[in-house]
Amino acid sequence: MKKLYVLAALLCGSFALPSQAQGLFEKHQRTLTLPGGYVCYRTAESIKIDGKLKENSWNLAQPTASFVDISGEGFAKPIYDTRAKMLWDDNYLYVSAVLEEKDIVARLTQRDTIIYHDNDFEVFIDPDGDGHHYFEIENNAREVVFDLMLDRPYRSGGNFMIQWDCPGLKLAVDMKGTLNKSKDTDKQWTVEMAIPHKALTINFTNPLKAGNYWRINFSRVQWLKKGGPEENWVWQPTGKIDMHMPDRWGFLYFSDKTVGQGTDVFKYPYNMAAYKLLWAMFYEQQAYHANHQNYIRTIEHFFLTDAEYKNLPADAKLAIEATANTYIMSIALPSEGVRYTLNQEGRFGVEKIAPRLVKNWMWLRIKKNQSDEEYAKQFNMMKDCGISGVMFEGYDERVYKLCHEAGLEAHYWKWTMNRGEVRETHPEWFAVNKKGESCFDKPAYVDYYRFLCPYHEGVAEYLAADYVRIANLPYVDGVHLDYARFPDVVLPVSLWKNYGIEQTQELPEYDYCYCDVCRKKYKDMYGKDPMELKYPMQSQSWVNFRLDGITHVIDAITKALKADGKRVSSAVFPGPSMAKQMVRQDWGNWHLDAYFPMIYNGFYYERPEWIGRSVKESVQTINGKAEVYAGLFFPSIKDHFEEALDAAYENGASGISFFDGPNEECLKALKAYLVKKGYQIKK
Ligand SMILES: [Zn+2]
């Protein structure tokens, strides 16, 4: 029995191995070579379709490269040379071809007989490039035409419609040599055709127009010996003996220039790295389906390697939705504003996607001695680099005005609970720690830690009125709350050494508010004086009491500001889970317009990827009810700038906010980053 298990395990392993060992590009390389392009110019004169190619326009038009074997590289070079040329005017696409030939032969005389039973020349056109609904026109040296339309390629169960006759088609053949006389030696035959634009417009939205692209390919079927096999010589090799692979055809670009009067450089209409990968996945799906009668359902199961990802834009997003019988795969490139899609029938789509809109901020202190010119220069540079607004600590009408003139928002950043200014007027308002010490005269950590008690009568009203007052100052777009919390019951770990303390547990001198008002209020609600709690940090009701105290003040401020139609945001601790533990700040339950969690990774000895986790928690908590901007401490991220920005943006932040920097060089890096990612600034 044991042996059987081993055998089973080995068998399973052998299924998974080949696809992992070999990347998709390598596995399907024959059908993934880059299709060529052709710039098609306007005709200089009217073209007479007689097969002779006498017009100067034909003379000026560049020929395609010589046709090659349909299977591509490594297959024998055709023994006869074939080249095509193309031109266009408002009504026609003109195609000509010169087919070298020692013995010109054509037997078939009936339209729409299977013309490739003779030596022939074939044109394939997919005007809208979606790989479905395309046209095929074939002819032999007797000018006999076989024209048809296909709904899908045969590989996708396509049907052909021979009843379609290209209306208005003009086609002529000329030859240097003799038809059906094998005793002499011929030189070549030429095909000239005018394909009416109107004939190809049914259900197509991509007209024959300057600047547009069509997909096109040419094939020459040549019977070198009786009974075959026939040769297939083509302009763009498909990599298989199958012309019905529109993804492999060339790109035809319609230039507005008249032939001979200047040149356009050919440019691909798609991001070809994304195009190649999407089609590699298509061919992998085909191979997989042939073996398993099922489709690959996740991106992971394609086992993509570095080779497949290497040339994709950094922001490329791959997606798949699949069942056993259908799938739709996509590659979105937000930086290019486009998404490519491909389904199990080989239908290729291009969709425009809206750019991601972001806003970015800076916290700044006002410099009284900085001149107007210097401020104007600084603000204009910030605006140019993708900054949307400033949180100013304090107020100076001159600076706010200059900020506005540069097109930036100006928000008044003011401390909330930390208010030394009322020591004279309301000494009783200050928060008290478990040791009975008040912030009024014995602040924790630093002299400026003058926190108020959130439950003291008059505190919330005073703060609300103060914020309403400053929100109404000239050029103030909103107010920004800071220190909307208790003193730190636990400091960020990097600060412990500054104060010579170990805060592995809550210490009574940093644990507030045990003022008489709070003790009485709590006792009224829960029947117990919090001073009597043996393990206060484990009493959820006592923890919540203080979280709710801050929320109660913030709600009062928010309500007053909203009644006045003002915007309100806050710099908050990361989390919100950490914010609750460290500073009793439950901002997940507030109702502001925006939150700026201060995700200062260096303060917590964390790497930039922690920014991502923290942003994610914040965004999930706020759940679309407000904006979340990732507050970044510039000195902590300057060596991991892009990584830190990725972590913020890719986890759902509405933007970022910088504290303590960045300098001009880094703002320029922000600008380059936004361009690269295709992020645009929200107005
Ligand atoms: Zn209190």
Side-chain angles (χ1 to χ4, degrees), residues 357-364 366 379 382-383 386-419 421-422 452 454 458-485 548-572 576 585-598 618-619 621-631 653-657 680-683:
L357 298 176
V358 301
K359 272 184 154 185
N360 305 303
W361 308 85
M362 281 173 75
W363 282 290
L364 287 184
I366 291 168
F379 291 147
M382 284 161 55
K383 171 83 180 172
I387 299 294
S388 310
V390 178
M391 307 292 148
F392 284 113
E393 191 173 38
Y395 183 72
D396 180 336
E397 185 174 331
R398 169 185 80 99
V399 178
Y400 276 55
K401 185 167 182 275
L402 289 164
C403 183
H404 261 214
E405 283 168 2
L408 296 171
E409 290 183 30
H411 293 250
Y412 194 146
W413 158 27
K414 189 166 186 185
W415 297 2
T416 307
M417 300 307 293
N418 188 0
R419 292 278 185 155
E421 87 238 19
V422 295
L452 304 182
V459 166
E461 293 76 6
Y462 169 80
L463 294 174
D466 187 56
Y467 278 111
V468 168
R469 179 185 62 80
I470 67 168
N472 283 301
L473 291 168
Y475 309 108
V476 173
D477 292 305
V479 296
H480 186 64
L481 317 184
D482 192 7
Y483 288 101
R485 59 177 177 89
D548 294 346
I550 299 295
T551 300
H552 146 78
V553 172
I554 303 305
D555 281 348
I557 295 169
T558 310
K559 207 174 149 195
L561 286 165
K562 298 266 171 165
D564 238 24
K566 301 296 177 186
R567 283 156 62 195
V568 53
S569 62
S570 179
V572 291
Q585 185 185 54
D586 187 15
W587 57 270
N589 281 314
W590 299 355
H591 303 93
L592 310 188
D593 298 306
Y595 300 91
F596 290 63
M598 298 174 281
S618 301
V619 169
T621 304
I622 295 306
N623 195 21
K625 292 184 298 236
E627 309 292 340
V628 174
Y629 299 102
S654 300
I656 52 173
S657 186
Q680 292 185 9
I681 303 302
K682 191 174 175 180
K683 298 283 176 245

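Counting from 1, the numbers follow the sequence of the chain as shown. Reckoned from all heavy atoms, side chains included, excluding hydrogens, waters and symmetry mates. From a predicted model like this one, the values you see are computed outputs, not experimental measurements.
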**Q.** Partner residues of E397 under the side chain to side chain donor-acceptor pair (under 3.5 Å) criterion, sequence neighbours left out
**A.** none

(Q) Taking salt bridge (Lys or Arg N to Asp or Glu O under 4.0 Å) as the cut-off, I'd like each qualifying pair that reaches into residues 461-478, sequence neighbours left out, listed once. (A) K414-D466, R419-D466, D466-R469

Q: Give, for atom OH of Y475 and atom CG of L402, the distance between the pair rounded to the nearest 0.5 Å.
A: 9.5 Å

Q: Verify, without hydrogens or angle tests, whether D396 (side chain) and R398 (backbone) share a donor-acceptor contact under 3.5 angstrom.
A: yes

Q.
Quick one: does any side-chain atom of Y595 pair with a main-chain N or O of W590 as donor and acceptor, under 3.5 Å?
A. yes

**Q.** Check: A630 main-chain N/O paired with S657 side-chain donor or acceptor under 3.5 Å
**A.** no

Q) For S569, which residues count as a side chain to side chain donor-acceptor pair (under 3.5 Å) partner, sequence neighbours excluded? A) H480

Q: Assess whether atom NZ of K559 is packed by more than 12 heavy atoms of other residues, nucleotides or ligands within 6.0 Å.
A: no

Q | Separation of T551 OG1 from H591 NE2 (nearest 0.5 Å) | A | 9.0 Å

Q: Report the distance from atom CG of D482 to atom CH2 of W413, rounding to the nearest 0.5 Å.
A: 6.0 Å

Q) In Å, rounded to the nearest 0.5 Å, how long is the span from CG of L357 to CD1 of I681? A) 8.5 Å

Q | Under 3.5 Å: donor-acceptor pair, side chain of E409, backbone of S388 | A | no

**Q.** N472 side-chain N/O to V468 backbone N/O, donor-acceptor pair under 3.5 Å
**A.** yes

Q | Side chain proximity check, L592 to T558, heavy atoms < 4.5 angstrom | A | yes

Q | From CA spacing to verdict: side chain to side chain contact (heavy atoms under 4.5 Å, CB included), W587, I554 | A | CA-CA 9 Å; W587 57 270; I554 303 305; over 6 Å; no

Q) Atom CE of M417 and atom CG of L463: how far apart are they, to the nearest 0.5 Å? A) 6.0 Å

Q: Mind checking ring-ring contact (aromatic ring centres under 6.0 Å, His included) for Y400 and listing every partner two or more places apart, or none if nothing turns up?
A: F392, Y395

Q. Taking only residues two or more places apart in sequence or in another chain, which ones pass salt bridge (Lys or Arg N to Asp or Glu O under 4.0 Å) with D555?
A. none

Q: Report yes if some heavy atom in the side chain of V572 is under 4.5 Å from a heavy atom in the side chain of Q585; otherwise report no.
A: yes

Q: Drop me the distance from S570's OG to R485's CZ, to the nearest 0.5 angstrom.
A: 10.0 Å

Q. Are any of the side-chain heavy atoms of I470 and L473 separated by less than 4.5 Å?
A. yes

Q.
Under the rule for ring-ring contact (aromatic ring centres under 6.0 Å, His included), what residues qualify as partners of W361, not counting sequence neighbours?
A. H411, F596, Y629

**Q.** CA sep, side-chain torsions, deciding dist, call: I387, L408, side chain to side chain contact (heavy atoms under 4.5 Å, CB included)
**A.** CA-CA 8 Å; I387 299 294; L408 296 171; 4.3 Å; yes

Q.
When you measure from the side chain of K383 to the backbone of A406, do you find a donor-acceptor pair of N or O atoms at a distance under 3.5 Å?
A. no

Q.
Regarding E627 and R567, does a basic nitrogen lie under 4.0 Å from an acidic carboxylate oxygen?
A. no

Q) Under the side chain to side chain contact (heavy atoms under 4.5 Å, CB included) criterion, do D586 and I550 qualify, and how do the steps go? A) CA-CA 8 Å; D586 187 15; I550 299 295; over 6 Å; no

